[in-house]
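Have a look at the structure below, then the notes.
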Amino acid sequence: MDTYTPSPTRYDHPQVQAELGWFRPCGNSGLKLPAISIGGWHNFGDPGTDAGRHADEASMHQNAQSILFTAFDHGVTHFDMANNYGPPPGSAETRVGRILHDNFRNHRDELIISSKAGYPMQPGPYGDGGGRKYVIASCHASLKRLQLDYVDIFYSHRYDPDTPLEETLGALDTLVQHGKALYVGISSYPADITSEAIRICEANGFVKPIIHQPSYSMLDRWIEGRDPNRPGNLIETCGELGMGMIVFCPLAQGLLTPKYLNGVPDDSRAAHEDGFLTKDRVTPVLIQRLHDLHELAEDRGQTLAQLALAWALRDARVTSALIGASRASQVQQCCQALDAPPLSSDELARIEAILAN
């Protein structure tokens, strides 16, 4: 039974009157996304696998519902998924699909739901990469788990150098033509491959990706052309191509929050051996930077997380910042990131100095 009634003021976000607004254009497309989007990685899988370590199914599901309810109540209309999200792979889509069916069925047209294929999903030669077989079969499997007829955006989750780019992009085009996706996107593609992807789509009459999903934060600035192992300025490339950008890990997996100001707490991701964030990243140098950024945030009347999100969204070419959350209160705080005035040139210079030290 659907016991959830969304807030009637969910679209009355104070940022709707700002220059860019809460809903920001996705490149040159007609799609708008909220400045903050919610991701399903790591907090929607099986019991005990989330950051809050909800060990039983009832509390795990209730927490997942609370996260999505709070997000939607605060104007977050975009839920971002992938076939391999969990753990285990597929379990996050199954849980979110149950919530969409039980609680959001009357609000489907207000939601943007995305999924992806590209990383390992199942054993054998057809469960990884960018091949046509995997991409199309994965989308169909995701739709079943999500209990949807279509997703709004379907991504190639990563560039696969072992598959012709024409094949991957052709598979995405087929999904749109068959009504399984409304738009398509790419994730973590280098700048030069991104340009090549658009050229191939134009040459073959394929539907062009309207959005790129890369990692980006104060501590991970490769898309600005700062990483010699991933050359090219992806922000400029996407701007020139008319693509929107939705950046993931804008809080650097929780590093850009007050949680690590005094080292690694026992309940953090870095404290668990099965996490992607490891203790060795939390160095004394990093902790000092976090303290300096925290002080700047307090001067602005913000939390460190809110400052990090405002910074990631400072460029109009960035459509949305994709957050993960282990509890509803985190979502509420993140949605207030743009309530403060835009970062001034002096504040941006101060941030650059902190990051450079």
Side-chain angles (χ1 to χ4, degrees), residues 10 13 15 20 22-24 26 32-45 49-52 63-82 85-86 92-93 95-96 99 111-116 153 155 185 187-188 211-221 223 244-260 268-270 275-277 290 293-294 297 302-315 318-340:
R10 59 189 176 277
H13 199 284
Q15 285 300 311
L20 287 175
W22 177 251
F23 290 97
R24 298 154 64 114
C26 189
K32 292 185 177 181
L33 296 179
I36 302 296
S37 298
I38 190 79
W41 185 43
H42 267 296
N43 285 307
F44 293 86
T49 64
D50 64 321
N63 189 62
Q65 285 178 309
S66 180
I67 291 171
L68 295 185
F69 294 171
T70 300
F72 193 57
D73 285 346
H74 286 79
V76 176
T77 55
H78 179 27
F79 303 162
D80 179 76
M81 308 301 297
Y85 285 177
E93 287 189 329
R95 183 174 304 284
V96 171
I99 296 172
L111 292 170
I112 299 296
I113 309 296
S114 62
S115 190
K116 317 176 192 72
I153 308 171
Y155 289 86
S187 177
S188 301
I211 191 167
H212 196 302
Q213 187 176 133
S215 60
Y216 185 50
S217 73
M218 291 180 180
L219 306 180
D220 177 15
R221 301 174 67 171
I223 66 173
M245 299 188 77
I246 177 170
V247 297
F248 69 88
C249 288
L251 303 181
Q253 294 185 304
L255 286 176
L256 291 168
T257 70
K259 180 175 288 188
Y260 294 93
S268 66
R269 285 186 180 182
F276 284 86
L277 180 61
L290 297 180
L293 291 169
H294 177 69
Q302 291 187 304
T303 66
L304 176 54
Q306 290 168 343
L307 172 67
L309 290 170
W311 181 89
L313 291 163
R314 74 198 186 283
D315 192 313
V318 176
T319 307
S320 184
L322 181 60
I323 65 166
S326 60
R327 55 186 181 274
S329 60
Q330 294 174 339
V331 177
Q332 183 173 357
Q333 291 173 7
C334 287
C335 287
Q336 296 168 347
L338 299 184
D339 291 354

Does the side chain of D80 pick up a donor-acceptor pair with the side chain of S114 at under 3.5 Å? yes
Would you mind reporting whether I223 and H212 have side-chain heavy atoms less than 4.5 Å apart? no
Does the side chain of L251 reach to within under 4.5 Å of the side chain of C334, using non-hydrogen atoms? yes
Evaluate the side-chain proximity of Y85 to R95: yes if any heavy-atom separation is below 4.5 Å, no if none is. no
Give me the one residue out of N63, D50, L68 that meets side-chain contact (heavy atoms from CB on, under 4.5 Å) with F44. L68
To the closest 0.5 Å, what do you measure between CD1 (I112) and CD1 (I153)? 6.0 Å
May I ask you to test the T257-L304 pair for a side-chain heavy-atom distance under 4.5 Å? no
Within the 3.5 Å criterion, strictly below it, is a donor on T303 or Q333 matched to an acceptor on the partner's side chain? no
For Y216, what residues pass the ring-ring contact (aromatic ring centres under 6.0 Å, His included) criterion, not counting sequence neighbours? W311
Once you round to the nearest 0.5 Å, how far does CH2 of W22 lie from CZ of R10? 14.5 Å
Considering only heavy atoms from C-beta outward, does the side chain of V331 approach that of I36 to under 4.5 Å? no
Counting N and O atoms only, with roles assigned by atom type, does the side chain of S37 sit under 3.5 Å from a partner on the main chain of L322, one being a donor and the other an acceptor? no
Can you tell me how far apart CD (Q332) and CG (D73) are? Round to the nearest 0.5 Å. 9.5 Å
Closest heavy-atom contact between K116 and M81? NZ-O, 2.8 Å
Name the orientation class of the two ring planes belonging to F72 and F79 (parallel below 30°, tilted from 30 to 60°, perpendicular beyond 60°). perpendicular
Looking only at heavy atoms, what is the nearest atom pair of V247 and A312, with distance? CG2-CB, 4.5 Å
R24 and A35: which non-hydrogen atoms are nearest, and at how many Å? CD-CB, 3.8 Å
So, for A340 and Q302, which heavy atoms are closest and what is the spacing to 0.1 Å? CB-NE2, 3.5 Å
How about V96 and I113: do any of their side-chain heavy atoms sit closer than 4.5 Å? no
Report the distance from atom SG of C26 to atom CG of L33, rounding to the nearest 0.5 Å. 5.0 Å
When rounded to the nearest 0.5 angstrom, what is the spacing between OG in S188 and CD in Q213? 7.5 Å
When rounded to the nearest 0.5 Å, the distance separating SG of C335 from CD of Q306 is 10.0 Å
List the residues meeting salt bridge (charged side-chain N to carboxylate O under 4.0 Å, His left out) with D220, not counting sequence neighbours, and say none if there are none. R230
Mind checking whether I38 and I323 have side chains closer than 4.5 Å, heavy atoms only? yes
Do the non-hydrogen side-chain atoms of I246 and T319 ever get within less than 4.5 Å of each other? no
Which pair of non-hydrogen atoms, one from N43 and one from A325, has the smallest distance, and what is that distance? ND2-O, 3.0 Å
Taking every heavy atom of G52 against every heavy atom of S326, the minimum-distance pair comes out as N-CB, 4.3 Å
